[in-house]
Amino acid sequence: MIGFVGSTLDASKMGPSRWHKWRPTVGLCMHEDLRVDRLELIHGGVHEGLARYVQSDIGSVSPETEVRLRQLDFTNPWDFEEVYGKLLDFARAYPFDPDAEDYLIHITTGTHVAQICLFLLTEARYLPGRLLQTNPSRGQAPDGVGLWSVIDLDLSRYDSIATRFAVAAAEGSSFLKSGIDTRNPAFNRMIDEIEQVAVRSRAPILLMGPTGAGKSQLARRVFELKRLKHQVTGAFVEVNCATLKGDSAMSALFGHKKGAFTGAAADRPGLLRAADKGILFLDEIGELGLDEQAMILRAIEEKRFLPVGSDKEASSEFQLIAGTNAELGDAVAGGMFRDDLFARLNLWTFELPALRERIEDIEPNLDYELDRFAEREGVRVSFNKEARRAFLSFATAPDALWSGNFRDLAATVTRMATFAPAGRIDVATVEAEKARLKRFWGGGARVPDTLEALLDGETLESIDPFDRVQLAEVVRICRRSRSLSEAGRTLFSASRARRASSNDADRLRKYLHRFGLDWAGLQA
């Protein structure tokens with residue numbers, strides 16, 4: 001149990017009569033139907049004597065209860081921000097173990113501010129327990145024990161602290177973004193949604209997006225956020241499904257019994273059991289075979305699966321996060337991905353945009369990568385003013401492909417920081433890196449983005465020069481996108497934010513049709 005000492009309710013004079021007075025904290029330890037193994041009794045310095053008095057009386061009536069005194073002083077105990085902040089620090093530092101212990105948060109004692117803050121921290125899972133309220137017995141001879149119940153509270157009258165919720169949500173979103181001050185509105189909205197899903201749901205999450213868009217890093221940050229809120233106690237287990245091929249895939253995921261097949265010299269628990277009470281991140285889930293997909297579906301729904309060569313089922317309480325750079329809907333249509341698994345994954349689906357769709361985020365990510373380099377190498381490197389301007393101009397230009405997305409950017413920063421003379425990236429270093437990237441991006445043979453290669457002379461002559469410029473840009477974006485949907489999001493990124501609903505793919509398809517073009521023809 002965690003609670004405050006009651007400066008008024010828990011106080012009493014010495015003598016036998018005190019056992020007939022209802023004192024909430026002492027009374028809680030006198031119930032036959034409520035065993036308190038440990039009590040974390042929070043008190044201010046001015047109430048230390050009372051706290052020790054309560055500790056002594058609990059020792060008399062409940063010797064099996066360990067009472068730990070926790071001094072927590074407030075400059076102003078009626079200041080919501082101070083009380084919430086110090087209780088949040090207490091919760092973050094406390095070694096909670098929800099798998100081994102049950103926690104009750106006692107909200108009868110303490111100021112109203114303290115009670116409300118305990119409620120908020122419990123609702124947010126910083127205190128991973130249940131709320132407990134006590135009251136004196138009614139219509140009975142006074143016995144000092146009173147009554148207890150697990151309760152829900154109505155917070156509708158506490159609107160004055162709504163801003164504290166907004167701050168907490170912003171902190172969660174910033175945590176998922178690794179503290180990067182991203183500026184892309186669509187990306188920031190998506191992260192806000194993921195933050196809410198991460199702390200309120202244990203259902204599977206599907207992260208879609210091109211290679212290098214940050215799916216793996218985001219999955220790990222979701223895990224860290226849930227661990228911070230005491231929602232997971234197990235490990236984060238990551239596997240790239242493209243590496244799971246043939247008979248070894250079943251064994252790697254679900255484990256096997258000794259002797260199950262040639263070479264199985266010992267039992268193997270498998271990745272699902274390694275993720276018990278934690279998170280399993282299956283990157284490139286579209287690469288899994290159909291048999292493995294069927295077993296994963298059952299493991300998600302029933303938390304049980306059959307290891308290879310075993311006649312006894314195993315169990316694992318894990319949350320699944322799946323990642324893919326493929327269009328799983330197309331894979332379902334082609335018979336390469338199970339529709340029932342896709343339906344199960346599709347509850348919470350988020351698509352991470354490519355770096356070229358977030359050019360306004362290149363600058364904050366540039367600073368983030370410089371910080372990572374400093375942590376990794378122990379050397380702080382920075383740009384001079386001209387070099388930074390030259391690099392950002394190049395990096396945000398329309399012809400900057402960033403085909404490897406954030407992996408490209410991370411590698412670019414690492415190279416420039418390594419070659420930087422005297423810890424300062426100069427214009428010469430930037431120019432050398434620009435030449436390297438241009439060679440890399442231009443290495444693959446591409447169909448030229450010229451309308452002459454797509455349209456016959458008569459059709460081309462019928463198009464106004466104004467429309468030719470627009471159509472050429474649309475063709476360029478289409479050829480550099482993985483799907484019609486991705487190209488639509490890029491082309492209509494500003495207007496889509498103002499619409500209640502959008503179908504960018506259909507909008508783009510109709511535009512191309514005006515000129516006798518289609519998506520398949522542009523990819524040929």
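- You'll find the side chain of Val308 stays beyond 4.5 Å of the side chain of Phe254, heavy atoms only.
- To the nearest 0.5 Å, the span separating OG on Ser462 from CD on Glu458 amounts to 7.5 Å.
- Salt-bridge check for Asp399 with Arg476: failed, with every basic side-chain N at 4.0 Å or more from each acidic carboxylate O.
- The shortest distance between side-chain heavy atoms of Asp283 and Ile321 does not fall below 4.5 Å.
- Between Glu224 and Arg221 there is no salt bridge, since no side-chain nitrogen of the basic residue lies less than 4.0 Å from a carboxylate oxygen of the acidic one.
- Figure legend: Arg507 and Phe492 shown as a cation-pi pair, the cationic atom lying under 6.0 angstrom from the six-membered ring centre and within 45 degrees of its axis.
- A donor-acceptor pair under 3.5 Å is absent between the side-chain atoms of Trp519 and the main chain of Leu512, judged by distance alone.
- For Glu375 and Arg372, the salt-bridge test fails: no basic side-chain N is under 4.0 Å from an acidic carboxylate O.
- In terms of heavy-atom proximity, Phe281 sits nearest to Ser216 at CE2-CA, 3.6 Å.
- No donor-acceptor contact under 3.5 angstrom links the side chains of Glu284 and Asn240, judged on distance only.
- Side chains of Lys177 and Thr182: a donor-acceptor N/O pair is present below 3.5 angstrom, by distance only.
- Pairing each heavy atom of Asn184 with each of Glu360, the nearest pair is ND2-OE2, 3.1 Å.
- Side-chain atoms of Thr396 come within 3.5 Å of backbone atoms of Leu392 as a donor-acceptor pair (strictly under, hydrogens ignored).
- The pair Arg509-Asp506 counts as a salt bridge, with a side-chain nitrogen and a carboxylate oxygen less than 4.0 angstrom apart.
- Taking CG of Asp339 as the reference point, atom CG of Leu328 lies at 12.0 Å (rounded to 0.5 Å).
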Under 3.5 Å donor-acceptor pairs involving side-chain atoms of residues 197-207, not counting sequence neighbours:
from   : atom 1 : to     : atom 2 : distance (Å)
Ser201 : OG     : Ala203 : N      : 3.0
Ser201 : OG     : Trp348 : NE1    : 3.4

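- For the pair Lys229 and Tyr126, the minimum side-chain heavy-atom distance is below 4.5 Å.
- Proximity of a side-chain donor or acceptor of Glu351 to a complementary backbone N or O of Gly209 within less than 3.5 Å is not detected.
- In this structure, Lys303 places its NZ atom where more than 12 heavy-atom neighbours from other residues, nucleotides or ligands lie under 6.0 Å away.
- Closest approach of His230 to Pro98, counting heavy atoms only: O-CG, 4.1 Å.
- Proximity of Glu292 to Leu244: side-chain heavy atoms (C-beta onward) are nowhere separated by under 4.5 Å.
- For the atom pair Leu522 CG and Cys478 SG, the distance stands at 5.5 Å (nearest 0.5 Å).
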Step by step, work out the side-chain contact (heavy atoms from CB on, under 4.5 Å) result for Val332 and Leu341.
-> CA-CA 10 Å; Val332 169; Leu341 178 56; over 6 Å; no
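- Heavy atoms only, all atoms of each residue included: Ile463 and Arg468 are closest at O-NE, 3.1 Å.
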Run the side-chain contact (heavy atoms from CB on, under 4.5 Å) check on Arg125 and Phe96 step by step: do they pass?
-> CA-CA 11 Å; Arg125 295 292 299 171; Phe96 289 107; over 6 Å; no
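- Checked by atom type and distance alone, the side chain of Asp267 pairs as donor or acceptor with a backbone atom of Lys258 at under 3.5 Å.
- Put simply, the side chain of Lys277 reaches to within 4.5 Å of the side chain of Asp99, judged on heavy atoms.
- Counting non-hydrogen atoms of neighbouring residues, nucleotides and ligands closer than 6.0 angstrom, the CZ atom of Arg344 exceeds 12 such neighbours.
- For the pair Lys226/Ile279, a side-chain contact is recorded, criterion being any heavy-atom separation below 4.5 Å from C-beta on.
- Between Asp426 and Lys385, no side-chain nitrogen of the basic residue sits less than 4.0 Å from a carboxylate oxygen of the acidic one, so the salt-bridge criterion is not met.
- Taking all atoms of both residues into account, the shortest heavy-atom contact from Val427 to Ala387 is N-CB, 3.6 Å.
- Side-chain contact, Thr429 with Arg415: no donor N or O sits under 3.5 Å from an acceptor N or O.
- Summarising the geometry, atom CZ belonging to Phe305 is positioned 12.0 Å from atom CE belonging to Met250; distances are rounded to the nearest 0.5 Å.
- With a 6.0 Å radius and a threshold of 12 heavy atoms from other residues, nucleotides or ligands, Asp311 has its CG atom at or below the threshold.
- Heavy-atom neighbours of Met295 CE from other residues, nucleotides or ligands within 6.0 Å: above the threshold of 12.
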Carefully, step by step, assess Tyr368 and Glu363 under the rule side chain to side chain donor-acceptor pair (under 3.5 Å).
-> CA-CA 9 Å; Tyr368 172 71; Glu363 185 171 12; over 6 Å; no
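- A donor-acceptor pair under 3.5 Å is formed between the side chain of Arg424 and the backbone N or O of Phe383.
- In this structure, the separation between CZ on Arg183 and CG on Asp181 is 6.5 Å, given to the nearest 0.5 Å.
- Taking 4.5 Å as the limit, some side-chain heavy atom of Glu123 sits within range of a side-chain heavy atom of Phe119.
- A salt bridge links Glu313 with Arg304: at least one charged nitrogen is closer than 4.0 Å to a carboxylate oxygen.
- A donor-acceptor pair under 3.5 Å is absent between the side-chain atoms of Thr459 and the main chain of Leu455, judged by distance alone.
- Across every non-hydrogen atom of Trp441 and Ser403, the tightest pair is CD1-OG, 3.6 Å.
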How far apart are the C-alpha atoms of Val222 and Leu176, what are their side-chain angles, what is the distance that settles it, and do they pass the side-chain contact (heavy atoms from CB on, under 4.5 Å) test?
-> CA-CA 6 Å; Val222 167; Leu176 291 181; 4.0 Å; yes
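- Panel note: side chain Ser316, backbone Leu272; a donor-acceptor pair is recorded below 3.5 Å.
- Between the side chain of Thr414 and the backbone N or O of Ala410 there is at least one donor-acceptor pair closer than 3.5 Å.
- Of the possible polar contacts, none joining the Lys434 side chain to the Phe391 backbone as a donor-acceptor pair under 3.5 Å is found.
- Side-chain atoms of Thr412 and Leu437, non-hydrogen and from C-beta on, do get closer than 4.5 Å to each other.
- Heavy-atom neighbours of Glu301 CD from other residues, nucleotides or ligands within 6.0 Å: above the threshold of 12.
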Could you walk me through whether Leu401 and Asp408 pass the side-chain contact (heavy atoms from CB on, under 4.5 Å) check?
-> CA-CA 10 Å; Leu401 293 183; Asp408 269 5; over 6 Å; no
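- Considering Arg268, His256, Lys312, Arg273 as possible partners of Pro307, the one that fulfils the side chain to side chain contact (heavy atoms under 4.5 Å, CB included) test is Arg273.
- Under a 3.5 Å cut-off, the side chain of Asn405 and the backbone N or O of Thr211 do form a donor-acceptor pair.
- Using the six-membered ring where Trp is involved, Phe223 and Phe236 have ring planes that are tilted, between 30° and 60° apart.
- Here the straight-line distance linking atom CE of Met208 with atom OG1 of Thr349 works out to 7.0 Å at 0.5 Å rounding.
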